[in-house]
Number of protein chains: 2
Amino acid sequence: MPASSIRARVRAEMIDEIKAVARRHLATDGADLSLRAVARDMGMVSSAIYRYFPSRDDLLTALIIEAYHALGDAVETADATADRADLRGRWHAACRAARAWALAHPAEYALLYGSPVPGYAAPVDTVLPAQRPPLTLIGILRDGVADGRLTPPDDDLPAPVRADLAEIAAGLFPGLPAPLLARGMAGWTQLFGLISFDLFGRLDPVLPHRDAYFDHQTALMADLIGLP
Amino acid sequence: MPASSIRARVRAEMIDEIKAVARRHLATDGADLSLRAVARDMGMVSSAIYRYFPSRDDLLTALIIEAYHALGDAVETADATADRADLRGRWHAACRAARAWALAHPAEYALLYGSPVPGYAAPVDTVLPAQRPPLTLIGILRDGVADGRLTPPDDDLPAPVRADLAEIAAGLFPGLPAPLLARGMAGWTQLFGLISFDLFGRLDPVLPHRDAYFDHQTALMADLIGLP
DNA sequence: GCTCAACGAGAGCAGTGCTCTCTATTTAGT
DNA sequence: ACTAAATAGAGAGCACTGCTCTCGTTGAGC
């Protein structure tokens with residue numbers, strides 16, 4: 001191993017440590033990450049951080065990508081662990097995994113799905129990781145259609161909506177009918193809304209039994225989709 | 001009119017103007033409201049603002065309450081304008097009004113439904129205004145049950161969920177069965193998710209026909225609820 | 001061994017929310 | 001009508017932020 005790589009390795013470790021400290025700050029102090037506080041925690045001066053991240057937004061972007069992957073991993077492994085033939089079981093497992101991750105990492109979830117930071121535009125690097133959770137969910141439907149366990153609905157969609165959805169399906173879920181894709185996206189939208197309301201304290205005072213409520217609501221969407 | 005009230009009137013006008021300028025800043029600069037910038041726009045120095053609002057959070061709270069009422073007004077009048085007997089028409093009108101208001105006031109919507117500002121806890125004054133949109137939506141279901149146009153579903157809810165929902169119904173929607181309330185809340189959650197995805201740019205590149213998509217998705221929820 | 005890039009420290013800039021003090025004005029009480 | 005008190009605004013200042021620039025130091029490649 002050439003000597004040059006030790007500097008590169010130290011650099012990579014520094015980047016990792018900065019991200020780790022920043023993630024810790026997110027968890028304790030909330031979503032407004034202070035670069036200077038991160039630097040202080042590392043015994044560095046704030047300008048030194050700029051050797052590794054050109055700006056605070058770039059650090060945030062790195063954290064966002066990592067968070068998307070963490071959430072994606074959680075959802076995908078939950079789905080993969082469930083019985084492949086049990087579509088409804090997979091749906092519930094994936095939904096519960098997403099909610100569990102969000103409850104365990106509220107600040108990171110807010111980073112991903114909260115209101116966009118003013119002036120911050122999500123870079124292209126984030127769009128693929130961001131697609132993983134919905135891709136997993138709708139992948140369940142595609143599997144169901146493929147092996148005949150799930151009979152797609154026959155909604156009459158407005159032509160332009162059907163065209164848009166058909167294009168999406170052609171690119172990501174070959175063979176998935178547009179009406180079913182629409183219902184799957186409804187399920188994903190619902191999942192996001194459920195977790196957001198849960199996390200941002202919109203229903204905890206009025207609904208003490210939130211786990212059971214969540215399960216029932218995701219079951220409603222499973223019904224809408226037609227999961228057996 | 002006693003002379004004392006002219007000072008009070010000027011004060012009220014000042015408060016209104018501060019809120020108006022702040023709202024304008026929200027619309028142009030995004031959600032991170034700068035108190036100093038508002039003061040500059042009014043030809044005042046920043047400390048003078050503190051004669052009217054004890055802190056930046058209090059100014060934000062005032063804006064939030066106003067925004068909730070603006071959204072609530074939009075949704076309620078849309079519902080009230082529609083044919084009272086046409087439950088599905090009322091549902092769509094209310095949903096469309098909420099989305100239209102959000103698209104017209106994205107920064108204020110983000111203030112209401114985005115990730116909570118770190119350290120900012122919504123005061124009690126906001127909870128009643130915040131309930132207006134979902135109250136309107138579920139009020140449509142209550143009306144439907146009351147006049148027999150809407151037959152409630154017979155889902156078997158987990159006992160604790162049924163109890164929680166029954167308590168909510170007892171307080172806000174007497175006579176509304178718990179399973180129907182659950183479906184109505186699903187519709188509200190879905191509406192929030194739809195608008196958020198739409199507003200925060202999560203589906204505009206992939207779904208050009210967003211109006212039609214929105215209508216179809218809200219129709220799906222109307223189906224789930226059972227609106228005729 | 002020399003050279004140049006990388007690194008960290010430090011100072012500094014413009015901006016933020018907020019507090020405190022000081023002055024002018026308006027209100028209220030006698 | 002005069003005085004005392006409440007109110008409004010200005011200004012300075014504190015601690016903090018992201019970010020830029022300059023300065024030595026250190027380490028890697030030739």
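Everything numeric in this text was worked out from a predicted model, so none of it was measured. Throughout, a chain's letter reflects where its sequence line sits, starting with A, and its residues are numbered from 1.
A:Met42 comes within 4.0 angstrom of no nucleic acid atom, judged by non-hydrogen atoms across all strands.
Sorted by first and then second residue, the pairs that involve residues 128-140 of chain B and meet side chain to side chain donor-acceptor pair (under 3.5 Å), not counting sequence neighbours, are B:Asp73-B:Arg132, B:Glu76-B:Arg132. Listed by first and then second residue, the side chain to side chain donor-acceptor pair (under 3.5 Å) pairs involving residues 13-25 of chain A are A:Lys19-A:Glu66, A:Arg23-A:Glu66, A:Arg24-A:Asp41 (not counting sequence neighbours). Among residue pairs with one or both ends in residues 209-221 of chain A, those qualifying as salt bridge (charged side-chain N to carboxylate O under 4.0 Å, His left out) are A:Arg96-A:Asp215, A:Arg99-A:Asp211, A:Asp198-A:Arg210; sequence neighbours excluded.
The shortest distance between side-chain heavy atoms of A:Leu199 and A:Ser196 does not fall below 4.5 Å.
If you take CE of A:Met44 and C1' of D:dC19, they are 15 Å apart, rounded to a whole angstrom. Rounded to a whole Å, the CZ atom of A:Phe53 is 16 Å from the C1' atom of D:dC19. Going from atom CZ of B:Arg11 over to atom P of D:dA8 covers 4 Å, rounded to whole Å. Put simply, CZ on B:Arg51 is 16 Å from P on C:dT25, counting in whole angstrom units. One can place CD1 of B:Ile49 at 11 Å from C1' of D:dG9, the figure rounded to the nearest angstrom. Between A:Tyr52 atom OH and D:dC19 atom C1' the separation is 18 Å, expressed in whole Å. Per the geometry, CG belonging to A:Asp32 stands 13 Å off P belonging to C:dG17, to the nearest Å.
From one end of the helix from C:dG1-D:dC30 to C:dT30-D:dA1 to the other, with five pairs defining each end axis, the axis direction shifts by 10° (rounded to 10°).
B:Phe192 has its ring centre less than 6.0 Å from the ring centre of A:Phe192.
Every residue meeting the side chain to side chain contact (heavy atoms under 4.5 Å, CB included) condition with B:Asp125, not counting sequence neighbours, appears here in chain and number order: B:Ile65, B:Pro123. For the side chain to side chain contact (heavy atoms under 4.5 Å, CB included) test, residues two or more places apart in sequence or in another chain that qualify with A:Ser47 are A:Val45. For B:Glu108, there are no side chain to side chain donor-acceptor pair (under 3.5 Å) partners at least two apart in sequence or on another chain. Judged as a ring-ring contact (aromatic ring centres under 6.0 Å, His included), and not counting sequence neighbours, the contacts of B:His105 are B:Trp101.
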Report, one pair per line, the protein and nucleotides 15-18 of chain D atoms (nitrogen or oxygen only) whose separation is under 3.5 Å.
residue : atom : partner : partner atom : Å
D:dT17  : OP1  : A:Ser34 : OG           : 2.8
D:dT17  : OP1  : A:Arg40 : NH2          : 3.4
D:dT17  : OP2  : A:Arg40 : NH1          : 3.4
D:dG18  : OP1  : A:Leu33 : O            : 3.2
D:dG18  : OP1  : A:Leu35 : N            : 2.6
D:dG18  : OP2  : A:Leu35 : N            : 3.2
D:dG18  : OP2  : A:Arg36 : N            : 3.1
D:dG18  : N7   : A:Arg36 : NH1          : 2.4
D:dG18  : O6   : A:Arg36 : NH1          : 2.8

